Amino acid sequence: MSFLQQPINLLVTGGCGFIGSNFIRLLLGDELPQMQVKSLVNLDKLTYAGNLENLVDVADDSRYQFVKGDILDAGLVTRVLKENHIDAVVHFAAESHVDRSILDSSPFVQTNIVGTQTLLDAARVAEVKRFVQVSTDEVYGSLGNEGFFTEQTPLAPNSPYSASKAAADLLVRSYCHTFDFPGIITRCSNNYGPYQFPEKLIPLFISNARNNRSLPVYGDGKNIRDWIHVSDHCKGVAKALWQGKPGEVYNFGGRCELQNIKLTELLLELLDKPKSLIQYVNDRPGHDLRYAIDCKKAETELNWSPEVTFEQGLQETVDWYLEHESWSERILSGEYQKYYQQQYGETLNSD
Ligand code: NAD
Ligand code: TYD
């Protein structure tokens, strides 16, 4: 029986974060009957961005197991792979916020580069049958007003975050080339949806607007991002795992380019809040102007395409954060408080 036909033992790293938790919920649900897991181990260090609460609804599933640990711990990773007879790894664990990487790139180099290398070495020894490196379109750098990123676009990362992801991607590529390692790389545009840590644009602005705090728009607000609902990204990653070809790269995007200022205005409209909350602040150093993905390869080779319209997805996302105010508040009262103070010089207590 081939790898694709039988239920697999899967290791997910970083499953307590935003995309990882949505991915685990998808795989343990019944939306993808062709893609079955026999067991799923979630290895997560629970950094400020990892939250066990994100997976309370699957914690009792007999197929699911949580292991608290660091991907830099080679002994632990080796043990987890061996003891659970892991067939495949989907690697989400990362430091993921560009602004933090500008303040201090060291954890980005450690987790994103050295952590990926540690995982690759252990996965190679364990002879896993697939390894999906979940990466970002930011490794391609910045576009001008025209054009799209394809899988052939040369890597030209501009932030310490994207540089660390590009380095990890190149390690995966080199393992495929040198060791015939069954690695697959996925590169996705900006995700939005439930369980996103409220330091990223959409959940931060929803939370601020709700509490009548200002929305800090960097620079002139004309930077463009290509927004994709997290459920579409997760389905893409699942398809890359089961149907992708080792050694290949697949781009995923939402076909939804929007200037930050337009998105901010849309959010204010949905929340029925005034535009006077918009506050233009100093630009992010090295701020990439535009990201836009050409996802034809994923469409033709994986039979994937984004399904959630931005109109529907954004409304549902706003509703989710409004309904889960206590989730956001619990998160915001912790580690994030210190960081926010450092960034903006003001505290986060709602007024
Ligand atoms: P996130 O910051 O919400 O979650 C990261 C998770 O990784 C957390 O649960 C954290 O505890 C865990 N983690 C961090 N360091 C670890 C370590 N050393 N060992 C074990 N676990 C560790 O990130 P996210 O937004 O869910 O992104 C997940 C992945 O997807 C990342 O690799 C990111 O680069 C990529 N990605 C994100 C986006 C986006 O829009 N958020 C877009 C494209 C790609
Ligand atoms: P972000 O959510 O941090 O994702 P990324 O940097 O990975 O694209 O930011 C999305 C866009 O929003 C980006 O152009 C930076 C901008 N931005 C702001 O204008 N203000 C903010 O407070 C944040 C967090 C982001």
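Keep in mind it's a predicted model, so treat the numbers as computed, not measured. Ligands are counted one by one from 1 in listed order, and the atoms in each one are counted from 1 as well.
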Are Tyr192 and Leu270 joined in one hydrophobic group, where the rule is that I, L, V, M, F, W and Y side chains link up if heavy atoms are under 4.5 Å apart?
-> yes

What part of Phe18 sits under 4.0 Å from ligand 1 if we count only heavy atoms: the side chain, the backbone, both or neither?
-> both

Tell me, please: is Tyr161 in heavy-atom contact with ligand 1, that is, under 4.0 Å?
-> yes

Does a side-chain N-to-carboxylate-O contact under 4.0 Å join Lys245 and Glu301?
-> no

Is Tyr161 touching ligand 2 with its side chain, its backbone, both, or neither, if touching means heavy atoms under 4.0 Å apart?
-> neither

Which one holds for Asp288 and ligand 2: side chain close, backbone close, both close, or neither close, with close meaning a heavy atom under 4.0 Å?
-> neither

Polar proximity ligand 1 side, Asp70 side, N/O cut 3.5 Å exclusive = yes

Nearest heavy atom to atom 27 (O) of ligand 1 wins, so pick from Ile71, Asp44, Ile19.
-> Ile19

For ligand 1, which atoms, with element, lie under 4.0 Å from some heavy atom of Leu46?
-> 11 (O)

Provide the number and element of each atom of ligand 1 under 4.0 Å from a heavy atom of Asn190.
-> 40 (O)

Paired with Asp169, the side chain to side chain donor-acceptor pair (under 3.5 Å) test is passed by just one of Ser164, Ser135, Ser174, namely Ser135

Answer yes or no: does an N/O atom from Asp99 fall short of 3.5 Å to an N/O atom of ligand 2?
-> no

So, does Ser135 sit close enough to ligand 1 that a heavy atom of it is under 4.0 Å from the ligand?
-> yes

Pull out every atom of ligand 2 sitting under 4.0 Å from any heavy atom of His97, numbered as shown with elements.
-> 3 (O)

Is there any N or O on Pro216 that sits under 3.5 Å from an N or O of ligand 2?
-> yes

Polar contact flag for Val217 and ligand 2 (N/O pairs, less than 3.5 Å) | no

Could a heavy atom of Gly15 be found less than 4.0 Å from some atom of ligand 1?
-> no

Can you tell which part of Asn190 has a heavy atom less than 4.0 Å from ligand 2: side chain, backbone, both or neither?
-> side chain

Under 4.5 Å between any side-chain heavy atoms of His91 and Leu119, yes or no?
-> yes

Is the shortest distance from a heavy atom of Phe92 to ligand 1 less than 4.0 Å?
-> yes

Taking only non-hydrogen atoms of Glu138 and a 4.0 Å limit, the atoms of ligand 2 in range are 5 (P), 7 (O), 8 (O)

